[in-house]
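Keep in mind that what you see is a predicted model, and the values were worked out from it rather than measured. Whatever order the structure lists ligands and atoms in, that order sets their numbers, starting from 1.
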Amino acid sequence: MNAITCKFGGSSLADADCIRRAEQIIRANPERRFIVPSAPGKRFPEDKKVTDLLLAWHSLLLQDLDASQPAEIIRARFSELAEGLGVSFDIGTQLDKIAQEAKQHTEPDYMASRGEYLNGCLIAELLGADFADPANFIKFDYEGNLDPASYELLGARLQGEGLFVVPGFYGTLPSGKVKTFSRGGSDITGAIVARASNSSLYENWTDVSGFRMADPTIVPEAKRIAEVTYAELRELSYMGAKVLHDEAIFPVAEPGIPIHICNTHAPDEDGTMIVPTRTPTYPVVGIAGLKGFTMINIEKALMNRERGFGRRVLSVLEEHGVSFEHMPTGIDTISLIIKDDELDDHGQSILKGIERACDPDRATLVPGLALIATVGQAMNHHIGVAGHLCMALADSGVNLRVINQGSSEMNIIVGVESDDLDKAVKAIYDAFEVWV
Ligand code: ASP
């Protein structure tokens, strides 16, 4: 029989009613056998996610401050869940143990992971499922990269009949210490479980019916994306399309397991299928944009004749431990586009380094940039896509600061002033929506 891995996001497990709904979904199809829960998320907009409460708790503990407030809220939330679901879950003892353990960890990972752990214990009990703690099967190397041996380890643990619950978001380092993925990382666990268990489908259950062609807070009428490839999706989620963690495709891409984004509140809606390949009929599948970039502009006459110029520029970045996103070039100019949180406060020191290493005519920092990715594999060899995009921006009065198209021709990146982001996304959406 085919098996399905189901990952449920925090908003789909926020209270007892949500968890009951998830249980109904799981029980509705006997192929749904591998369940990956997140920690309980927000029940209403002003609510706190359990992971954020755990992080607050940890930071107070480390500073020897009174941590009773977050600890009490967490205790109340899990007690309410256990009571609402009728499971005999001793949250008091569990939390006392966590508080003791957490003192030995200066890194927040152990504490942050406990939301998934506790929710996993609770849901396993509710479902009568086998609980597999990822601490024993999902392994990282010392650089924090996933050890591919995890697939076999976990695969062996997931043999047998019935339901399995594997909490999302964490694994362990070679030292045995718990390590989490970056925020939203239960999506990655779901993909690892899908691969390790040989599932034929990875269902990612969340609170929206899939991806939309553009951020619906900017373009409320944005159409749903019915089908998108792993590669297209990665470009969109990296650039801010929030539904799925941008690294979640890697574990499933090699075996080619499709990901289905489904809505727990509307389980019969179609959602979005993320597939290895598709036959596209129109050039643009989606548009995503993100603020928070700085550009370093370097000018030097005849730099194209100077051997090693580019290498010297990049070594300055390397010395500062800073990586870049894009590097558009002209004959006498190089620009480097860097995420603000990556650049941190190294900007001036990098400029000085470039002045020393490259002796440019001018080197300047230009902050306040937003990038927008217009993505679609069918734009390859489709004449006029970039022209159409630029006209749309010009017509809406947006100044185009920078433009970049990778050799795969699957993605056109434009840089605009941060304040123009929404206007630009709307203009690009309107320009391409009519082609769909
Ligand atoms: N609970 C974690 C977070 O809030 C991980 C996840 O939900 O995927 O980021």
Side-chain angles (χ1 to χ4, degrees), residues 5-15 18-19 21-22 34-59 70-71 73-74 77-78 81 94-95 98 102 105 107-124 132-135 138 140 144 146 150 165-172 178-195 202-208 211 233-234 237-238 240-252 259-265 274 341:
T5 292
C6 300
K7 180 259 170 182
F8 289 89
S11 56
S12 302
L13 303 173
D15 61 23
C18 291
I19 297 184
R21 216 171 295 137
F34 303 102
I35 314 303
V36 178
S38 279
K42 293 185 183 188
R43 295 160 293 182
F44 41 88
E46 317 73 54
D47 198 14
K48 304 256 181 306
K49 291 181 176 186
V50 164
T51 308
D52 291 324
L53 291 164
L54 286 161
L55 288 168
W57 184 8
H58 185 248
S59 128
I73 305 176
I74 294 168
R77 280 200 71 174
F78 278 107
L81 283 178
Q94 293 267 16
L95 288 178
I98 290 170
H105 297 264
E107 299 294 328
D109 298 50
Y110 168 77
M111 191 62 129
S113 72
R114 295 304 87 183
E116 271 70 11
Y117 172 81
L118 292 172
N119 220 17
C121 294
L122 198 138
I123 290 169
D133 189 343
I138 295 184
F140 296 98
L146 180 76
S150 308
V165 170
V166 185
F169 195 35
Y170 69 96
T172 43
V178 166
K179 170 162 174 56
T180 57
F181 293 104
S182 55
R183 294 300 300 265
S186 299
D187 287 339
I188 307 175
T189 312
I192 294 169
V193 171
R195 176 160 167 180
Y202 169 21
E203 286 179 345
N204 189 291
W205 290 88
T206 177
D207 57 356
V208 291
F211 280 85
L233 198 273
R234 163 127 168 95
S237 44
Y238 187 75
K242 288 190 199 83
V243 183
L244 187 78
H245 193 293
D246 66 284
E247 291 173 22
I249 57 148
F250 292 118
V252 289
I259 308 174
H260 191 189
I261 308 288
C262 310
N263 187 350
T264 22
H265 307 290
I274 307 164
D341 40 12

For atom 3 (C) of ligand 1, which protein heavy atom lies nearest, and how many Å away is it? R183 NE, 3.2 Å
Less than 4.0 Å is my threshold; does some heavy atom of G168 fall inside it relative to ligand 1? no
On the 0 to 90° scale, with breaks at 30° and 60°, tag the Y110-H105 ring pair as parallel, tilted or perpendicular. parallel
Is F169 in polar range of ligand 1, meaning some N or O pair under 3.5 Å apart? no
Quick look: H245 vs ligand 1, heavy-atom contacts under 4.0 Å, and the answer is neither
Side chain to side chain, N119 and L81, heavy atoms closer than 4.5 Å: yes
Does NZ belonging to K49 count more than 12 external heavy atoms closer than 6.0 Å? no
My understanding is that only residues two or more places apart in sequence, or in another chain, count here; which of them pass salt bridge (charged side-chain N to carboxylate O under 4.0 Å, His left out) with R114? none
Ligand-residue contact atoms, ligand 1 with E116, heavy atoms, under 4.0 Å: 1 (N), 2 (C), 5 (C), 6 (C), 7 (O)
Is any N or O atom of K7, backbone or side chain, closer than 3.5 Å to an N or O atom of ligand 1? no
Checking a contact table here: which protein heavy atom is nearest atom 7 (O) of ligand 1, and how many Å away? S38 OG, 3.1 Å
Would you say G185 touches ligand 1, if touching means a heavy atom closer than 4.0 Å? yes
Name all residues meeting the salt bridge (charged side-chain N to carboxylate O under 4.0 Å, His left out) criterion together with D246; count only those two or more places apart in sequence or in a different chain, and write none if there are none. R234
Regarding ligand 1, does S186 bring an N or O atom to under 3.5 Å of one of the ligand's N or O atoms? yes
Does the pair D52 and K48 meet the rule for a salt bridge (charged side-chain N to carboxylate O under 4.0 Å, His left out), with working shown? CA-CA 7 Å; D52 291 324; K48 304 256 181 306; over 6 Å; no
Considering only heavy atoms from C-beta outward, does the side chain of C18 approach that of D15 to under 4.5 Å? yes
